[in-house]
Amino acid sequence: MSKNIEAKDLNIYYGSFRAVEGVNMSIKKKTVTALIGPSGCGKSTFLRSINRMHEVIAGAYVEGKLELDGQDLYGAGMDPVIVRRQIGMVFQRPNPFPTMSIYDNVIAGMKLNNKRASRKEFDETVERSLRGANLWNEVKDRLDKPGSGLSGGQQQRLCIARAIAVQPDVLLMDEPCSALDPISTLAIEDLINELKNDYTIVIVTHNMQQAARVSDYTGFFNIEGTGKPGKLVEMDETKTIFSQPTQKATEDYVSGRFG
Amino acid sequence: MTTTEVTPTPRTARPVTQLGDRVFAGSAKGAGILILVVLAGVAAFLLTEAFPALVAPASELPGEHNLAVYIWPLLFGTLLSALIALVIATPLAICVALFISHYAPRRIAQGLGYLVDLLAAVPSIVYGLWGVGVLAPASVGLMTWLNDYLGWIPLFAGPVSATGRTMLVAGLVLAVMILPIITAVAREVFLQAPRLHEEAALALGATRWEMIKMAVLPFGRSGLISGAMLGLGRALGETMAVAIVLSVSGVVTFNLVSSGNPSSIAANIALQFPEASGLGVNVLIASGLVLFLVTLAVNMLARYIVNRRSEFSGAN
Amino acid sequence: MSTGTERTDTVTQGPELDLPASPDLLPKAKGTLPKGTAWGVFVASALVVGGILAATGFSIGLWVVLTVVLFAVATYVLSRVVEGARKATDRLVTVVVSAAFGVAMIPLVSVLWTVVSNGIARFDAQFFTYSMRGVVGEGGGAYHAILGTLIITGLAAAMSIPIGMLTAVYLVEYGKGRLAKAITFFVDVMTGIPSIVAGLFAYALFALIVGPGVRMGFAGAVALTVLMIPIVVRSTEEMLKIVPNELREASYALGVPKWKTILKIVIPTTAGGIATGITLAIARVIGETAPLLIAVGITTGVNLNPFDDRMATLPVFAYYSYVAPGIPREPFLDRAWTAALVLMVIVMLLNIIARIISRAFAPKTR
């Protein structure tokens, strides 16, 4: 299930604007990798390039290589739709489909991709995914109710359940807790710790305590000024980044002396 | 440093797309193009059918007049009736919109908005029947009064029509018809006025009217102009109400209260078309083309003002 | 709503210290009119005007108008004396603005009342089940016209809804660049086409295909389509724009292709709004008279074939019954008003349905 990600000399463009430059990064399977850095440094862009979500903006493209267990994600004939089926994503704000029940939200990925399955298989997927997202006990009696009736934290876990229901290899999280209260945040962080047994997780966060709590590896992105491309400054085990980083910029940032 | 050179072969310039995507995107695009084709068709077919009238010698045209001589009184009537409607409806619409957006109690404001929208829902034929059946007889008294006391203004020179089927009444009916259009636009811009400006004005101790004068009206000025233009466009093209209400004699006059009035282009087409044949049809279509161009110009001017506003307002 | 009465009331009664510094704006008198003053002045004005009119000759219209005028003047003068010029102006504007709303309601009430009271006489079973074939005086009905209206409007809807919705999808989801700009611009142009011109277009089109003098239901449907498409495009566009991008992204991230995201996520999310817009578009064109007068004409009998010859429609039926009545006149006029009433009822029903749809489809949270 879980796979490694390898970025080699990756440049990301929006039209003629180079947003991210020269990223070389290895992400090991069954680990949590946190991407930190100031706003606009390209960490979210990099994250979205992993499942080609940045291509939603017209004119976006990449140079360099991005591989998932040796499979070139940007190779000729590679459909972004296929890439996204292998690499799930959870967004900043919880976004369950408002027209669907909790049950339908979880199996939305399967249904929309025309996966034929019996009622029993759907039932099993729903239970497995909701249990996987630590939400089963809270919603098992109201699976037919709209997903938008849940609390923010529950909605975010529903979105995680929806993402893992299609059994991806990698789970990308773009500031998944920034719209949540501390208690819900804690629940999500616990969940991330459990999920890494099955998935490769990459998480973008502005919260350095969160990065320190949940991740095994941390990558620090930085930007020299507006209009300049973002770069990966340093990447290492999380405790190294937070205790003895090799770069001055990283040290400044993690110790709060930045900006 | 940012490099601005474009790479020769961006690796995802042509992403692989699914068949379903291509079919769906194609049909969506096709529908859009179809609209362009239809509009080109409107222009082309009108031109084709108007062409015989444009080139025919005056002697073969109805009344043996030059085409311009035939259309001019109609154009005059069109513009005059629409102008009356505009002059009456615009201030009223602004007041109504202000009432709904800033004066009415919040709970019932939306309901009042629906009521005004209902005015827009009434079919034009109903307005025509109402205009000739109710409004025309009811306004004879008003027009007699105008003639008695303001008869020295050419607009009210008289003699007053006994049936009330005058230009003024036609303009009034049109005013009622375009009132909801202008009101809707005005309401929209008033609600968009920045809350902070309003609150700042109130915090300075302004009365409600001073606040509106300071913070709401200046903000909405171009929106109001474009709303009025949209209403004008509608009034220019409105057919049935004028066709039914107005008693027509083909004169060109500013006298709004007499029984001799110029018809409007649209009303003239509606009245003449069912009986027309041969070149008469072509002449009517030529007049329709003129109407089309006039409304087009008015609407484009309105859009131009709206677009200029949206560039400056930062709403996008 | 931007401001309510409550808030502004508290502010206008605020401490004098907050007033603008320029001296000419400061009120000369610092009193306030007691709360019931407005009502008192209003009743007094009504009585005074009523009294004068009772002596000179009473007319309800004049009474209302003069009462409002006197009320406005009296309020202004009273407030000016007690509260100062600024507050007096404020009160005057309040009266004017409220009166304007009242004025705007007069035609609505009058139209509704006129149509209902004149139309109710023939609002009977026969009106809905008989055509005008062979009817010279009383009796008869608009069965043929109602069917014609439904057929022609239905055809117009069947043509304009798919074209309009697909175009809106193109503009919101795909369209970038010059083609999209051109389409947006020309949809705006189309919005301004006078309905009679649309009728002329349909006539010209079919005159070239079939021959001069052509009248048929389908031509009317084409004319209505030209009028309806821009309304459908605009309203659908508005609704699609409301759907948050996050939902599209959530769907893409699940590996759902774009077209399926649009069909299964975006459109269902805003289905209520789109249906409302379409219903209102139908309501808008179902009452159109002029293009049908040009392109379809009128007939006395039932014609269910929109591709063959003239058809009757409700608005045209009402028009001809009123302007070209037979002898005796009254049955024709009655039928005209009843046709207008039926048309109004249909339009109002469509409006109500639109509101119900938008309520029923609003995303649920419980």
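Keep in mind that the numbers below use all heavy atoms, side chains included, and drop hydrogens, waters and symmetry copies. Note on naming: letters A, B, ... go to the chains in the order of the sequence lines (proteins, then strands), and numbering restarts at 1 for each one.
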(request) Identify which one of B/Val122, B/Val126, B/Val134 satisfies the side-chain contact (heavy atoms from CB on, under 4.5 Å) criterion when paired with C/Val115. (result) B/Val126

(message) Counting heavy-atom pairs under 4.5 Å with chain B, which one of C/Asn118, C/Val96, C/Ile262, C/Asp188 comes out on top?
(response) C/Asp188

(request) Tell me, for C/Ala104 versus chain B, whether the close heavy atoms (under 4.5 Å) come from the side chain, the backbone, both or neither. (result) both

(message) If you count heavy atoms of other groups shown closer than 6.0 angstrom to NZ of B/Lys29, is the number above 12?
(response) no

(message) Less than 4.5 Å to any heavy atom of chain B: does that hold for the side chain of C/Val222, its backbone, both, or neither?
(response) neither

(request) Run the salt-bridge test on C/Arg86 and B/Glu210 with the 4.0 Å N-O cut-off and return the result as yes or no. (result) yes

(message) Ring centroids only, cut at 6.0 angstrom: are B/Phe273 and C/Tyr203 within range, meaning strictly under it?
(response) yes

(message) Whether the side chain of B/Asn299 engages the backbone of B/Thr295 through a donor-acceptor N/O pair (distance < 3.5 Å, no angle test) should be reported.
(response) yes

(message) Below 4.5 Å, heavy-atom pairs only: which of C/Ile193, C/Asn351, C/Leu171, C/Leu208 has the largest tally toward chain B?
(response) C/Leu208

(message) Out of C/Pro162, C/Ala207, C/Ala99, C/Gly192, return the one with the most heavy atom pairs under 4.5 angstrom to chain B.
(response) C/Gly192

(request) Give, as side chain, backbone, both or neither, the part of C/Arg215 having an atom under 4.5 angstrom from any heavy atom of chain B. (result) side chain

(request) Can you tell which part of C/Ile229 gets under 4.5 Å to a heavy atom of chain B, answering side chain, backbone, both or neither? (result) side chain

(message) Heavy-atom pairs under 4.5 Å with chain B: which of C/Val169, C/Leu205, C/Val323 has the most?
(response) C/Leu205

(message) Does any backbone or side-chain atom of C/Tyr174 lie under 4.5 Å from a heavy atom of chain B? Answer side chain, backbone, both or neither.
(response) side chain

(request) Sort out for me which of C/Leu179, C/Leu280, C/Val226 touches chain B most, counting heavy-atom pairs under 4.5 Å. (result) C/Leu179

(message) Could you tell me if C/Arg355 sits above the aromatic ring of B/Tyr114, with its cationic atom closer than 6.0 Å to the ring centre and no more than 45 degrees from the axis?
(response) yes

(request) Name the region of C/Ala202, side chain, backbone, both or neither, that has any atom closer than 4.5 Å to a heavy atom of chain B. (result) neither

(request) Between chain B and each of C/Val347, C/Val233, C/Leu92, C/Ile298, count heavy-atom pairs under 4.5 Å; write down the option with the most. (result) C/Val347

(request) Select one option (side chain, backbone, both, neither) describing which atoms of C/Met165 are under 4.5 Å from chain B's heavy atoms. (result) neither

